[in-house]
Structures are given as C-alpha cells and as structure tokens.
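Here is the structure we will look at.
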Amino acid sequence: MQLRIQPADTTGQYTWQIIYGDSLKDNRPYILKPVDTAKGHWVVDERDGILLDCYVHGNAVHGAFTVQGNTIVDNYRVENDQLVVEFFSINLNDKKASGKGTAETPSVDSYLINSYQTGTLTRIK
C-alpha cells in the first residue's frame with residue numbers, strides 16, 4: 001500500500017492517493033478537503049459523489065463510513081516517523097443485542113469485527 005499526500009491545485013486541499021499493489025490496477029486518486037480545520041474536520045472526496053468525513057485528533061486521522069451493510073473504521077496515525085494504518089470492517093447485520101432498554105440498563109448492540117487490516121508505511125524521499 002502507498003499513500004501519497006501532496007498539495008493539490010486548490011489552496012488548502014491535498015491529494016489523498018491510495019495505491020494498493022500495482023499502481024496501474026488499484027490507484028485511488030482522492031482529494032482531501034478542509035471542512036472546519038479548527039475542529040479537525042476534513043473530507044476525503046472520492047471524486048465520484050462520495051464524500052467521507054474524517055477527523056484529526058492529535059497525531060491521527062480517523063473516519064468511519066458504511067457501504068453495502070458494512071461499516072469501515074479507518075485510522076491513520078503517526079508513530080516514530082512512520083504512518084500506522086488500520087482498517088476495521090463491521091457487518092451491521094451481524095449484531096447481538098443486550099440490555100433491558102431502560103434508563104438504568106439501555107439496549108446495546110455489539111458487532112462482530114469481520115476483518116482487521118494494519119500496515120506501517122514508511123516515507124520514501
């Protein structure tokens with residue numbers, strides 16, 4: 001996996017290009033746009049009508065989105081001059097309910113994490 005972040009043609013925006021494996025087969029050229037930088041709110045524009053909200057917290061960017069019944073939670077965080085990338089996939093149809101549904105013991109849904117992917121990206125100069 002490669003992640004290429006560069007200033008875009010529009011001031012304040014950045015390329016957010018994700019490449020998996022062969023760059024000719026799975027190259028995703030997105031744009032990272034500010035929404036409210038004071039609150040750490042950005043959006044990844046997939047350039048096809050899909051906008052994914054993400055949020056900066058300290059040295060990390062986090063986001064979550066749901067597509068075709070699966071919620072993907074993504075985390076990008078800087079550790080020791082490297083970027084640790086994590087993806088969690090949760091199927092919303094595979095849930096277990098518990099609790100009583102009262103003020104004292106609310107209803108709670110828990111989900112199976114279908115997959116977890118992690119990688120450490122190193123800057124290439």
Side-chain angles (χ1 to χ4, degrees):
M1 174 185 179
Q2 296 178 45
L3 175 61
R4 296 179 181 172
I5 305 169
Q6 302 290 330
D9 293 338
T10 303
T11 302
Q13 296 183 8
Y14 299 87
T15 64
W16 185 268
Q17 180 183 15
I18 300 173
I19 300 169
Y20 295 101
D22 184 341
S23 64
L24 299 177
K25 292 183 181 175
D26 201 352
N27 184 344
R28 302 174 190 196
Y30 307 145
I31 300 291
L32 183 63
K33 299 178 177 180
V35 176
D36 186 343
T37 57
K39 294 182 179 178
H41 185 188
W42 293 75
V43 68
V44 174
D45 182 348
E46 293 195 358
R47 300 163 54 165
D48 61 0
I50 296 172
L51 302 173
L52 305 176
D53 289 298
C54 58
Y55 300 87
V56 176
H57 296 104
N59 65 343
V61 176
H62 311 288
F65 59 92
T66 301
V67 59
Q68 298 177 331
N70 291 292
T71 295
I72 309 298
V73 178
D74 54 58
N75 298 303
Y76 299 82
R77 73 178 179 281
V78 177
E79 285 185 11
N80 303 319
D81 279 343
Q82 295 181 314
L83 188 65
V84 177
V85 179
E86 297 176 299
F87 295 102
F88 297 83
S89 177
I90 303 159
N91 184 318
L92 298 180
N93 296 320
D94 192 358
K95 69 180 178 182
K96 294 181 182 176
S98 62
K100 298 177 183 176
T102 65
E104 297 81 29
T105 310
S107 296
V108 175
D109 293 332
S110 62
Y111 300 88
L112 169 68
I113 296 176
N114 288 335
S115 68
Y116 171 73
Q117 298 174 25
T118 187
T120 302
L121 305 181
T122 304
R123 182 184 303 246
I124 299 174
K125 297 181 181 184

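- Hydrophobic clustering of Ile, Leu, Val, Met, Phe, Trp and Tyr side chains at less than 4.5 Å, counting indirect connections, unites V56 with I5.
- Atom CG of residue L52 and atom CZ of residue F65 lie 5.5 Å apart, to the nearest 0.5 angstrom.
- Counting heavy-atom neighbours within 6.0 Å of Y14 OH, excluding the residue itself, gives a total of 12 or less.
- In this structure, the side chains of R77 and E86 come closer than 4.5 Å at one or more pairs of heavy atoms.
- Contact detail for L3 and I18: the closest heavy-atom pair is CD1-CG1, 3.8 Å.
- Heavy-atom minimum distance, V85 versus M1: CG1-CE, 4.0 Å.
- Within the 4.5 Å cutoff, the side chain of Y55 has no heavy atoms near those of the K39 side chain.
- Atom OG1 of T15 sits about 9.5 Å away from atom CG of D9, to the nearest 0.5 Å.
- The backbone N or O of Q82 lies less than 3.5 Å from no partner atom in the side chain of N80, so there is not a single donor-acceptor pair.
- Between the side chains of Q2 and R4, a donor-acceptor pair is found at a separation under 3.5 Å.
- Closest of all the heavy-atom pairs between I72 and S89 is CD1-OG, 3.7 Å.
- Grouping the Ile, Leu, Val, Met, Phe, Trp and Tyr side chains by contacts below 4.5 angstrom, directly or via other members, places F87 apart from Y116.
- Ring-plane geometry between W16 and Y76 is classed as perpendicular, the angle between the planes exceeding 60 degrees on a 0 to 90 degree scale with a lower cut at 30.
- Here the closest heavy-atom approach between residue V35 and residue W42 is recorded as CG2-C, 3.9 Å.
- Heavy atoms only, all atoms of each residue included: N59 and V78 are closest at ND2-O, 2.6 Å.
- Using a 4.5 Å heavy-atom threshold, the side chains of R47 and I31 count as touching.
- Scanning both residues, T71 and T66, for their nearest heavy atoms gives OG1-OG1, 2.7 Å.
- With rounding to the nearest 0.5 Å, the separation of CG in L92 from CG in N70 is 7.0 Å.
- With hydrophobic clusters built from ILVMFWY side chains whose heavy atoms lie under 4.5 angstrom apart, V44 shares a cluster with I50.
- Both V67 and Y20 are part of a single hydrophobic cluster, where members link through side-chain heavy atoms under 4.5 Å apart.
- The line from CG of D45 to CG of L51 is 5.0 Å long, rounded to the nearest 0.5 Å.
- Counting non-hydrogen atoms of other residues, nucleotides and ligands closer than 6.0 Å to CG of D81 gives a total of 12 or fewer.
- Side-chain contact between T118 and V84 is present, with heavy atoms from C-beta onward closer than 4.5 Å.
- Counting heavy atoms from C-beta outward, Q13 and P34 have side chains that approach closer than 4.5 Å.
- Cluster membership check: L121 shares its hydrophobic cluster with L32, using side-chain heavy-atom separations under 4.5 Å among Ile, Leu, Val, Met, Phe, Trp and Tyr.
- With values rounded to the nearest 0.5 angstrom, K95 atom NZ is found 10.0 Å from S110 atom OG.
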